[in-house]
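Side-chain atoms are counted along with the backbone in the values below, which use heavy atoms only and exclude waters and symmetry mates. Quick caveat, the model's predicted, so the values are computed rather than measured.
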Amino acid sequence: MADNGSVEEFLATAVDAVKKAGEIIRQGFYQTKLVEHKGQVDLVTETDKACEDLVFNHIKQHYPSHKFIGEETTAACGTSVLTDEPTWIVDPLDGTTNFVHGFPFVCVSVGLTIGKVPTVGVVYNPIMNELFTGVLGKGAFLNGNPIKVSSQTELVKSLLATEAGTKRDKLTVDVTTNRINSLLFKVRSLRMSGSCALNLCGIACGRLDLFYELGYGGPWDVAAGVLIVKEAGGLVYDPFGKEFDITAPQVAASNPFLKDAFVEALQQTE
């Protein structure tokens, strides 16, 4: 197959790859895990590495000239720079801590950027059998059914998702919890699912109204989910009002109605 395939072909290849990786995750989910530490509470397993190899190899068979950025290869080999070339950005197992604990919010996330623009996004949770897909200009889907963001217009009635992150120094923990304390007075309730990609998909399908995360691992956490949110009619932006940058580790997402009030609430926590 030519490297310059159609977006439909890119999507089909990505779906095949995540389904294969999902089988590895599903098998490993119910077995004893061999866990390594990337940091004090940041974990990696054999499954992370096996899934990244599988996804990369599957896509490379179809598109050998494309570029690749993955969480585990980046951890091993250093940062890869995002260029205008078609680039597959992969998180082979988002929610590794959940995976280790048998908590079913885990997924494989595959995003394709062309000219640095997210163009194809696939997020697959093999434990709950949910496949989120999006193609630029063609909408977002959950298991083949169209999805859209919530129509909530009031912060006080909104369900907020965030994450506590993996840093455990006192300053970071205090800043994180103080921000959450402030926001809890302004929203209905808070969720921490343990997966950035699935939080973005939660915004896309209307389960969540608001999401922000600061200090996540890298573009592999958001490359697919950002596109899926936008294609579901949502907005993705910097938590403090600037333009969203896929290479900067901070993101916020919501429906269009809530953005301004959410950014204002986040800015008040600074």
What I want to find out is whether [X] reaches [Y] closely enough, with some N-O distance under 4.0 Å, to be called a salt bridge.
X      : Y      : answer
Glu46  : Lys49  : no
Lys20  : Glu23  : no
Arg179 : Glu213 : no

Do the side chain of [X] and the main chain of [Y] share a donor and acceptor less than 3.5 angstrom apart?
X      : Y      : answer
Ser254 : Ala252 : no
Asp209 : Leu159 : yes
Asn125 : Pro104 : yes
Glu163 : Gly165 : no
Asn57  : Leu54  : no
Asn98  : Val106 : no
Thr13  : Glu9   : yes
Ser158 : Leu160 : no
Thr269 : Gln267 : no
Thr87  : Asp84  : no

Inset, instruction - Give me the ring orientation class for Trp88 and Tyr63: parallel if the planes are under 30° apart, tilted from 30 to 60°, perpendicular past 60°. - result: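 If you compare the ring of Trp88 with that of Tyr63, the planes turn out parallel.
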Test item: [X] and [Y] side chains (from C-beta on) under 4.5 Å apart, heavy atoms:
X      : Y      : answer
Asp94  : Leu198 : no
Thr162 : Ile180 : yes
Tyr30  : Ile127 : yes
Pro126 : Glu130 : no
Cys51  : Ile24  : yes
Asp238 : Gln250 : yes
Thr119 : Thr113 : no
Lys116 : Ile246 : no

Legend entry - Aromatic contact, His62 with His66 (centres under 6.0 Å):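 Ring centroids of His62 and His66 are no less than 6.0 Å from each other.
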Legend entry - Aromatic ring proximity, centroids under 6.0 angstrom, Phe68 and Phe56: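 Yes; Phe68 has its ring centre under 6.0 Å from that of Phe56.
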Inset, instruction - Return the set of residues passing side chain to side chain contact (heavy atoms under 4.5 Å, CB included) with Glu231 (not counting sequence neighbours), or none when no residue passes. - result: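 If we apply the side chain to side chain contact (heavy atoms under 4.5 Å, CB included) test to Glu231, skipping adjacent residues, the hits are Leu136, Ala140, Leu227.
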Using 0.5 Å steps for rounding, measure from the [atom1] atom of [X] to the [atom2] atom of [Y].
X      : Y      : atom1 : atom2 : result
Cys196 : Asp91  : SG    : CG    : 9.0 Å
Leu214 : Thr176 : CG    : OG1   : 7.5 Å
Asn199 : Asp221 : CG    : CG    : 10.5 Å
Glu36  : Thr45  : CD    : OG1   : 8.5 Å
Ser193 : Arg207 : OG    : CZ    : 10.5 Å
Leu210 : Phe262 : CG    : CZ    : 4.5 Å

Inset, instruction - Hey, could you give me each pair passing side chain to side chain donor-acceptor pair (under 3.5 Å) that has a residue in residues 131-149? Not counting sequence neighbours. - result: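 Checked against side chain to side chain donor-acceptor pair (under 3.5 Å) - neighbours excluded - no pair reaches residues 131-149.
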Inset, instruction - Mind jotting down which residue pairs meet the ring pair (Phe, Tyr, Trp, His ring centres under 6.0 Å) criterion with at least one end in residues 99-118? Sequence neighbours excluded, please. - result: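 Listed once each, the pairs are Phe103-Phe105.
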Less than 3.5 Å apart, any donor N or O on the side chain of [X] or [Y] sitting next to an acceptor on the other?
X      : Y      : value
Asn255 : Ser150 : yes
Ser109 : Tyr124 : no
Glu52  : Thr73  : yes

Legend entry - With Val263, the side-chain contact (heavy atoms from CB on, under 4.5 Å) member among Tyr212, Phe240, Tyr237: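 Only one option passes, and that is Tyr237.
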Legend entry - Val222/Leu200 under side-chain contact (heavy atoms from CB on, under 4.5 Å): CA gap, chis, key distance, verdict: CA-CA 8 Å; Val222 297; Leu200 287 165; 4.0 Å; yes
Work out which heavy atom in [X] is nearest to a heavy atom in [Y]; give both atom names and the distance.
X      : Y      : answer
Leu183 : Ala265 : CD2-CB, 3.9 Å
Tyr216 : Val251 : CE2-CG1, 3.5 Å
Val123 : Gly225 : CG2-N, 4.4 Å
Gly28  : Lys33  : O-CE, 3.3 Å

Inset, instruction - Assess whether side-chain contact (heavy atoms from CB on, under 4.5 Å) is satisfied between Leu131 and Lys19, documenting all intermediate values. - result: CA-CA 9 Å; Leu131 176 71; Lys19 288 285 184 76; 4.1 Å; yes
